[in-house]
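These numbers come from the heavy atoms of this one structure, side chains and all, not from hydrogens, waters or symmetry mates. Everything quoted here is computed from the prediction, not taken from an experiment.
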Amino acid sequence: MADNPISVLQRQRTLLQAEYAYEKEEFQRLTEATGIDRKVERGIAWYPLTIGRSYHNSLDQFVVEVSRPTPGSFRQGGEKAGAKDSTGITGSTEDIEDDEPTLFEPGKPVCFFSQDASGDRHGTGGLLHYYSFVAQVSYVENNRMVIALPSPAALEQLRDAYRLGVQLYLDEQTYRLMFEALDDVINAKHGRLADLREMFHSTLPCGKFTFDAVRFPWLNTSQQAAVNEVLWAKDVAVVHGPPGTGKTTTLVEAIYETLRRENQVLVCAQSNMAVDWISEKLVDRGVSVLRIGNPTRVTDKMLSFTYERRFESHPLYTELWAVRKAIRDIYASKSGNSESRHQKIARLKDRATDLEYTINQAIFADAKVIASTLAGSANRLLMGMKFGSLFIDEAAQALEAACWIAIRKAHRVILAGDHRQLPPTIKSPEAMRGGLDKTLMQYIVENKPKAVSLLTVQYRMCDTIMQFPNQEFYEGKLQSAPEVKYRGILDWDTAVEWVDSGAEAESSAGLSRVNVAEAELTLATLQRYFEKIGKERLLEENVDVGIISPYKGQVALLRRMLRHDKYWKPFRRLITVNTVDGFQGQERDVIVISLVRSNDDGNIGFLHDLRRMNVAITRARMKLLIIGDRSTLCRFPFYRRLAEYIDEHY
C-alpha cells in the first residue's frame, strides 16, 4: 500500500532536517578548521578584501563595494604570480577563465572575518576574528562584489580590520522558508493547497479543459502538443525536455499563450541563473517581466526588468530618495528639539511609505510575468499575492520543499525540466539514502504519466552522439532534427571517440581527485584534433570547446595546464573548462570529458550517478572525446555499453 501524501511530506521534512543539521555541522567545521587558502580555493571565501565606496541603494539598503585580488595574484601556498605552484608550472596572470572560483551570488548570506597582525598576507597563521553580524550579497561580478550591511555601524567595524575577508554563511533563511512551506502543506485541511498535495502524491486523476487545440506552426509536433497540454491542464502539467529539444522555447510559448487567458503568472526556478535565462527569453518574446531578486548576470538588458531598476526609473523615485535622505540626515543630526525631530521623522516616514506604495502598485500593475527563484517567491513584495498559474523551470533540480514555497501562491502548477539530468545537490549521506533528492517532478512523472509531455526532436547533437543517451535514458523516443542529424566538423570524422588513459591520484589540497597523466593525454588529444581542423578554420569559424571533468581537482589542473602552455594561447577564448554541474544547460561544438578514475579496486565514486554522465555527453554538438581508463570504468554495465557503442561507430 502506497504512503499517504502527508506521510511522504513528513518524511521529506525529517530528511530536510537531517540535511540542515549536516550543513550546520559542516559550516562549523569549515569555519573553525579550514584555512583561508582552502576556503578561497573552494570558492566560499574572498581574501584579502579591499573596501570601496559605500552608499544607500534604491531599496534603501546600506551597501559597500568590496574587491578581491585579480586571478593570478595569489597561488596555492600563498605564492605570487610568476612563482612555481605545486605542479611545478611557472605562474602567469593570463587565464582561460577565472582560476579563482566563486560560489557567491546575489541573495546569499555572508559573514566577514579579519586576521590579526601575527599572520601573513596570504592568510597563514594569525587568529581569525568573525564579526557578529550577517550581511547579504547584493551584486557580484568577476572580482567585485556589493554587499548589503545591517547598518553603517557595521562598516566602521570593517574599516578597523587589519586584514579583512568574507565567506559564505549558512543559508538558514532558505531552510526556514522550506520548513514553513512543508508545515503549511502538511497542515492544510482544505482549500487548493490541500487539493494539490493530495493530487501530486496519489493516483487521483488530473482535471483538464476540453477546448480545441491551438496551432503553433513555428513549433514541432511534440512542442505544439506540450503547449496545448499546458493550456488544457486544470491542476498540473509536466514538460519533459531532454537535451537540445527546445524546452525553453516550448515553455516560453506556453507562458505567452497562458497570458492570453490570465492577467499575470508567476515564473520560478531553483537558481538565479535559470530564472535569468527564462526571463531573457520571455523579454525577447515581448512579454513584460518583473524580476524579483537580483539576477546573477547583470547585463543592461536584464537590468531593465529588475524590480530595482523599475523602482529607480519611476517618476516618483526622486522624491522618495530625497525624503529618505532627509530622514537619515535628521537621525544623524543631534541638534534641535527632540519632540520636534520625532514628529518630523514620523511625517517623512509616512510620506515615504505612501510614495513606495504608489511606485510598487504601478510596477506590479505593468508586469505580466513575476519572475523569481523559488525561495525568492517568499519576498515581502509578493506577500498576499495569488496566481492562477505557476511555472517552475529546471524543476528536476529543485527540492520538493523549495517548490512548495511558490506553490502556496498558485492555483495550478506547470513543471519543466529533465529528471534524467542533474538532480538537486544533497550533502548529507543520511538525507541522500533516505531519498531527499527525489523531486516533486519525479513524483508527478510516476503518479501522473498522462500529465507528462515529452519533447522528442532534438536540435543540438549529431545523430551518432545522440543515439547512446537516447537508448540509455529516453527509451529510444528521441530523434535528431534533419539539420543536425549528419553534421560534423571534418569530412570522414568519427563523432564519438574513447581514448584509454591511466592512474589517478588525490589533488595536492586533498579536496578532489586528479589524474595528471590523463590531463596531459586530454590536452594532447585535443591538440591533435585541433591540428586536423587547422588554426585558421578554428579561429574563423569560432569552433568552441568544452572540457568537462566530474572532479574539481581535475578542472583546476586542466585550467592551469592550458593557461601555461603557449600552444593554447590563440584558442583560449574558445575553450571553457568546468565541472559537469558547471556545464548544465550549455552546449559546445566539441566536448572533451576527462573521467579521472583509474584504480585496481574499480572505485568510480560519483561516476555512479549516470545522470551526470548524461549531462556531460549531451553537451556536444559535433564531436565527443571521452578520456578514461577502460579497465576501471568498463567493469560497470553503463560504461561498458558506452565503450561498445563507441567501438561500433569508430
Undergrad: Any Lys/Arg nitrogen of Glu19 or Lys427 sitting under 4.0 Å from an Asp/Glu carboxylate oxygen of the other?
TA: no
Undergrad: For the residue pair Trp498 and Tyr645, is the inter-centroid distance of their aromatic rings smaller than 6.0 Å?
TA: no
Undergrad: What distance do Leu610 atom CG and Leu607 atom CG have between them, rounded to the nearest 0.5 Å?
TA: 9.0 Å
Undergrad: Between Phe638 and Phe468, is the gap from one ring center to the other below 6.0 Å?
TA: yes
Undergrad: Report yes if some heavy atom in the side chain of Leu521 is under 4.5 Å from a heavy atom in the side chain of Val499; otherwise report no.
TA: yes
Undergrad: Determine whether the side chains of Asp629 and Ser631 contain a donor N or O and an acceptor N or O closer than 3.5 Å.
TA: yes
Undergrad: Does a salt bridge link Lys281 with Asp393, judged by any charged N lying under 4.0 Å from a carboxylate O?
TA: no
Undergrad: Could you check whether Arg420 pairs with Asp418 (Lys NZ or Arg NE/NH1/NH2 to Asp/Glu carboxylate O, under 4.0 Å)?
TA: no
Undergrad: Give a yes-or-no answer on whether the side chains of Asn143 and Arg68 include a donor-acceptor pair shorter than 3.5 Å.
TA: yes
Undergrad: What I want to check is whether the side chains of Gln527 and Tyr529 have a donor and an acceptor closer together than 3.5 Å.
TA: no
Undergrad: Name the one of Leu538, Leu574, Ile533, Asp544 that satisfies side chain to side chain contact (heavy atoms under 4.5 Å, CB included) with Asp589?
TA: Asp544
Undergrad: What is the distance from atom CH2 of Trp46 to atom CD1 of Ile36, rounded to the nearest 0.5 Å?
TA: 16.0 Å
Undergrad: Might you confirm whether atom CG of Asp600 has over 12 heavy atoms from other residues, nucleotides or ligands at distances under 6.0 Å?
TA: no
Undergrad: Say you draw a straight line from NZ of Lys552 to CG of Asn578; how long is it, rounded to the nearest 0.5 Å?
TA: 9.5 Å
Undergrad: Kindly give the heavy-atom pair with the smallest separation between Gly434 and Leu15, and that separation in Å.
TA: O-CD1, 3.3 Å
Undergrad: Stepwise, does the side-chain contact (heavy atoms from CB on, under 4.5 Å) test hold for Met561 with Trp568?
TA: CA-CA 9 Å; Met561 293 172 71; Trp568 301 105; over 6 Å; no
Undergrad: Where the side chain of Arg619 meets the backbone of Val615, is there a donor-acceptor pair that is under 3.5 Å apart?
TA: yes
Undergrad: Got a salt bridge between Arg621 and Glu587, using NZ or NE/NH1/NH2 to carboxylate O under 4.0 Å?
TA: yes
Undergrad: Salt bridge between Glu472 and Arg641, side-chain N to carboxylate O under 4.0 Å?
TA: yes
Undergrad: For residues Arg597 and Asn515, is any side-chain donor paired with an opposing acceptor at under 3.5 Å?
TA: no
Undergrad: Is it the case that Asn614 and Gln421 place a side-chain donor and acceptor less than 3.5 Å from each other?
TA: no
Undergrad: What's the spacing between Ile626 CD1 and Thr525 OG1 if we round to 0.5 Å?
TA: 12.0 Å
Undergrad: Between Leu454 and Pro242, is any pair of side-chain heavy atoms under 4.5 Å apart?
TA: yes
Undergrad: Would Phe104 and Ile44 count as a side-chain contact (heavy atoms from CB on, under 4.5 Å) here? Give the steps.
TA: CA-CA 7 Å; Phe104 292 84; Ile44 62 171; 5.6 Å; no
Undergrad: Are more than 12 heavy atoms from other residues, nucleotides or ligands located less than 6.0 Å from atom OH of Tyr169?
TA: no
Undergrad: Whether Lys39 engages the ring of Phe113 as a cation-pi pair (distance to the six-membered ring centre under 6.0 angstrom, angle to the ring normal within 45°) should be assessed.
TA: yes
Undergrad: Would you indicate whether the side-chain heavy atoms of Val110 and Gln167 approach each other to under 4.5 Å?
TA: no
Undergrad: Does the ring centre of His608 sit less than 6.0 Å away from the ring centre of Phe636?
TA: yes
Undergrad: Assess the side chains of Thr579 and Asp581: does a donor N or O sit below 3.5 Å from an acceptor N or O?
TA: no
Undergrad: Does Ser222 use its side chain to pair, donor to acceptor, with the backbone of Thr456 at less than 3.5 Å?
TA: yes
Undergrad: Under 6.0 Å between ring centres, would you say that holds for Phe530 and Tyr567?
TA: no
Undergrad: Does Thr576 reach the side chain of Val545, with side-chain heavy atoms less than 4.5 Å apart?
TA: no
Undergrad: Apply salt bridge (charged side-chain N to carboxylate O under 4.0 Å, His left out) to residues Asp437 and Arg611 and explain how you reach the verdict.
TA: CA-CA 13 Å; Asp437 65 332; Arg611 291 171 294 188; 3.6 Å; yes
Undergrad: Would you tell me whether Glu518 and Ser598 have side-chain atoms, one donor and one acceptor, within less than 3.5 Å of each other?
TA: no
Undergrad: For the residue pair Arg630 / Tyr639, report whether a side-chain donor-acceptor contact shorter than 3.5 Å exists.
TA: no
Undergrad: Is the backbone of Val577 close enough, under 3.5 Å, to the side chain of Arg559 for a donor and an acceptor to pair up by distance?
TA: yes
Undergrad: Using side-chain heavy atoms (C-beta onward) and a distance below 4.5 Å, is Met613 in contact with Ile617?
TA: yes
Undergrad: Could you measure the distance from the NZ atom of Lys569 to the NE2 atom of His564? Nearest 0.5 Å is fine.
TA: 13.0 Å
Undergrad: Establish, from distance only, whether the side-chain atoms of Glu446 and Gln442 form a donor-acceptor pair under 3.5 Å.
TA: no
Undergrad: Test your reading of the model: is there a side-chain donor-acceptor pair from Asp601 to the backbone of Asn603, 3.5 Å cut-off?
TA: no
Undergrad: Short question: side chain of Ser549, backbone of Gln554 - any donor-acceptor pair under 3.5 Å?
TA: no
Undergrad: Determine whether Glu394 and Lys247 satisfy the following criterion, side-chain contact (heavy atoms from CB on, under 4.5 Å), listing intermediate values before the conclusion.
TA: CA-CA 10 Å; Glu394 301 294 359; Lys247 184 259 300 175; 3.4 Å; yes
Undergrad: Determine the minimum heavy-atom distance between Gly165 and Leu49, stating which atoms define it.
TA: C-CD1, 3.8 Å
Undergrad: Is the CD atom of Glu26 crowded by more than 12 outside heavy atoms at less than 6.0 Å?
TA: yes
Undergrad: Is the number of heavy atoms from other residues, nucleotides or ligands within 6.0 Å of CD (Glu483) greater than 12?
TA: yes
Undergrad: Are Glu540 and Arg537 within salt-bridge range, i.e. N to O under 4.0 Å?
TA: no
Undergrad: Do any N or O atoms from the side chain of Glu531 and from the backbone of Arg528 form a donor-acceptor pair under 3.5 angstrom?
TA: no
Undergrad: Counting C-beta onward and ignoring hydrogens, is there a side-chain heavy-atom pair between Met145 and Val137 closer than 4.5 Å?
TA: yes
Undergrad: Could you please spell out the steps behind the side-chain contact (heavy atoms from CB on, under 4.5 Å) verdict for Asp491 and Asp493?
TA: CA-CA 5 Å; Asp491 294 335; Asp493 196 9; over 6 Å; no
Undergrad: Can you confirm if the NZ or CZ of Lys438 lies within 45° of the ring axis of Tyr443 and under 6.0 Å from the centre of its six-membered ring?
TA: yes
Undergrad: Is there side-chain contact between Val484 and Gln458, with heavy atoms separated by less than 4.5 Å?
TA: yes
Undergrad: Any donor-acceptor pair under 3.5 Å linking the side chain of Lys623 with the backbone of Thr494?
TA: yes
Undergrad: Side-chain contact test, heavy atoms from C-beta onward, threshold under 4.5 Å: evaluate it for Pro69 versus Pro48 and give yes or no.
TA: yes
Undergrad: Please check if the side chain of Glu541 supplies one atom and the backbone of Val543 the other of a donor-acceptor pair under 3.5 Å.
TA: no
Undergrad: For residues Thr439 and Glu400, is any side-chain donor paired with an opposing acceptor at under 3.5 Å?
TA: no
Undergrad: Whether the Ser279 and Asp276 side chains hold a donor-acceptor pair (N or O, under 3.5 Å, no angle test) is what I'd like checked.
TA: no
Undergrad: Any side-chain to backbone donor/acceptor pair from Arg588 onto Gly546? Under 3.5 Å, distance only.
TA: no
Undergrad: Rounded to the nearest 0.5 Å, how far does CD of Glu280 lie from OG1 of Thr248?
TA: 11.0 Å
